[in-house]
Each structure stands twice: as structure tokens, then as C-alpha cells.
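No experiment lies behind these values; they were computed from the predicted model shown. Reminder, nothing fancy here: chain letters follow the sequence lines and each chain counts from 1.
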Number of protein chains: 2
Amino acid sequence: MNLELIERLKEAGVQPSAQRLAVAEFVLETEQHPSADQVLEQVQNALPMLSRATVYNTLHLFVEKGLLRQLVISEGRVVFDPRLEPHHHFIDDETGDIEDVPWSAVKVGDVTGLKGYEVREYMVVMRGTKVKKRR
Amino acid sequence: MNLELIERLKEAGVQPSAQRLAVAEFVLETEQHPSADQVLEQVQNALPMLSRATVYNTLHLFVEKGLLRQLVISEGRVVFDPRLEPHHHFIDDETGDIEDVPWSAVKVGDVTGLKGYEVREYMVVMRGTKVKKRR
DNA sequence: TTCTGGGTTTAGACTTAATCCAGACTTTGT
DNA sequence: ACAAAGTCTGGATTAAGTCTAAACCCAGAA
């Protein structure tokens, strides 16, 4: 099962294993921005013997191999994002939820030309509240 | 001594005290982006009996009263920034140092008009390396 | 001056996220 | 089947941050 995922791990240079597959299945597929502990909790449903250390190891491995991005923008927590293409982030003041904002939604002027800095990546971080749909 | 600072605290609605003054003296003046523990360490030079809890209380009070901003963008740490006017941030990949980038250095297109979001504040977070001065 | 009460500070216990480690287990190649 | 390399585990450890109860300080009232 899940041959595609196995292929994807191999391509990234990650040797597949039951644990890694289970973690990948959740974290590479989710729409959320889970923290390590949230990943642990979720994946333990499928694989109860999974240890915390393995989750941390696996997530860091995935980040290293470019399958995940690590975000450090939310309230005191490190969080993982499976969307690799550049995008911005909106953080809800009330709930702390992080949402992706498409790259095209915000235009940012030339950043690579900043004197003194070699910018590898950048994003706009917005904070505020979500507007209820008006009828 | 330091009448100005005392005035500033009072204006912000903070009742001055020896500890709060000492913390203010460091954290409102620094060019860095210190973490709570760095503040503790520094201010203990001037006030050795200062307790960790007081530093946390004071920093949070300052944030609440608008004397400081809390940043959550660096490697797993909450960090405080005494510059209240809007600006962007550059984070050095190697050292983790955070530097301020003037608001005018990067132009960002209209963000307030994003459908579905009420944006209270935003900033561009850049990551990369500092360029050595070329001769 | 002494008393009193509110706000402030303290040390230490506690919580939670994250890391480390040594041994056990699995997989791979021969 | 075996050895070596790689992976996983539970538990101990570290570190950031929070909480709490008792002590402290000081301004105003008596």
C-alpha cells in the first residue's frame, strides 16, 4: 500500500520504514500546520507503539531532505508545513491557527537587492482576525 | 536617576519599581532582540537578587502596555523587540541573529484588502546570510 | 510614628516541549 | 545465516516558561 508515498520518500533519500511511512502519511497530506506533538498523537492512532523520539527524528529528517518546511512563527511552537512552494502565512489572533496565503495574493517588492543581505527565502507574516462571511 | 525612563513607564501605565526600572533600562535600550533568559542574565548584573519570575512578569507587562513587541520568528524562542514602529526582520541562517530591516526597504502590495482576513499587522520575514563587505 | 492593604517580588515547584542516550530491534548485502 | 548498518524505543535529561504561596515594600490613614 501507498506505493506513491514510498517512492516519494526514496526519491528524497529517505529509507522508508513503517514508522516513517505512517508519519509521512499524516504530515505530508495534512492541510494543517501540526506541531511535533500533534503529529505524535495522530500517528499513534495507526501505530500505537510509536515513540516520541522517532517522531522528532523523522520530522527533522524530512525537513533535512526537503519534504517539509519548519515554521517558527506561531505562539511559542515549532510547526511543520508540507507545502514547499513559496507562500505567505496568516495567523489568527484568537485561535492561533496558521493559514496559507497564496504567493500571488501579496506582491512584495524586490527583496534580493537588499544591500548587505543574501536573502534565501522570505515570506509575509500577517496577524489579525478572520472576517465572518457577510451575507 | 533616569527620570526619563520613570516618566515613560508611568505614561504607559506601569508603576515603576527598582526591578522594572532595571529591566526597562536594558530591554528598552538594547539594539538586540533578547530572549527572556538573556534579559535575566543581563539585568542580574545590576540587580543580583532578581528572580526569573519577575523578569517574565515584567516583560509581559511591558508587552501588554505597549512598550515592547513580542516576536515569535526565531529558532524556537520568543524574543522581544523594543522598536515599536513597523519594520521587517532578517534572520541570519548561521547565527540565528535577528536584524531589523527598515519598513521602507521593502515594498509590500496591498495586504489590507485580502478577502476574508482583517489584517492587524504584518511584516516580511527574510532568511539568508549576511554578505561580507566587498572591497 | 505605627498600622494596614494593595501591589510587587521571591524561591522553588511544576509543566511542557524538545533532546539525548544506550540498548534492542530490523534490514540489507553477502 | 550472519554481520554491519541503520532504525526505533522508553526513559532520563535539559530548558523555557508558568504558577503559587509567602514575604516584602511603600503610600496613605490613623
Atom pair distance, as rounded to whole Å: OH in B:Y56 and C1' in C:dG12: 15 Å
Heavy-atom check, side chain of B:L68 versus side chain of B:D81, under 4.5 Å: no
Heavy-atom side-chain contact between B:V55 and B:V43 under 4.5 Å: no
Whole-Å gap separating C1' (C:dG7) and NZ (B:K65): 13 Å
Intermediate values then yes/no, side chain to side chain donor-acceptor pair (under 3.5 Å), B:D100 and B:H33: CA-CA 9 Å; B:D100 295 323; B:H33 297 76; 3.0 Å; yes
Whole angstrom value for the distance that separates P of C:dT19 from CG of A:L59: 10 Å
B:V101 side chain near B:H87 side chain, heavy-atom distance below 4.5 Å: no
Nucleotides 2-11 of chain D: protein proximity per nucleotide (B base, S sugar-phosphate only, - neither; heavy atom, under 4.0 Å): ----SSSBB-
Donor-acceptor under 3.5 Å (A:Q38 side chain, A:S35 main chain): yes
Spacing between B:L71 atom CG and D:dA16 atom C1', to the nearest angstrom: 17 Å
Separation of D:dC25 C1' from B:L21 CG (nearest whole Å): 16 Å
Flag, side chain of B:R20 to backbone of B:Q15, donor-acceptor distance under 3.5 Å: yes
Short side-chain N/O contact from B:H60 to OP1 or OP2 of D:dT18, under 4.0 Å: yes
Atom pair distance, as rounded to whole Å: CG in A:L40 and P in C:dT19: 14 Å
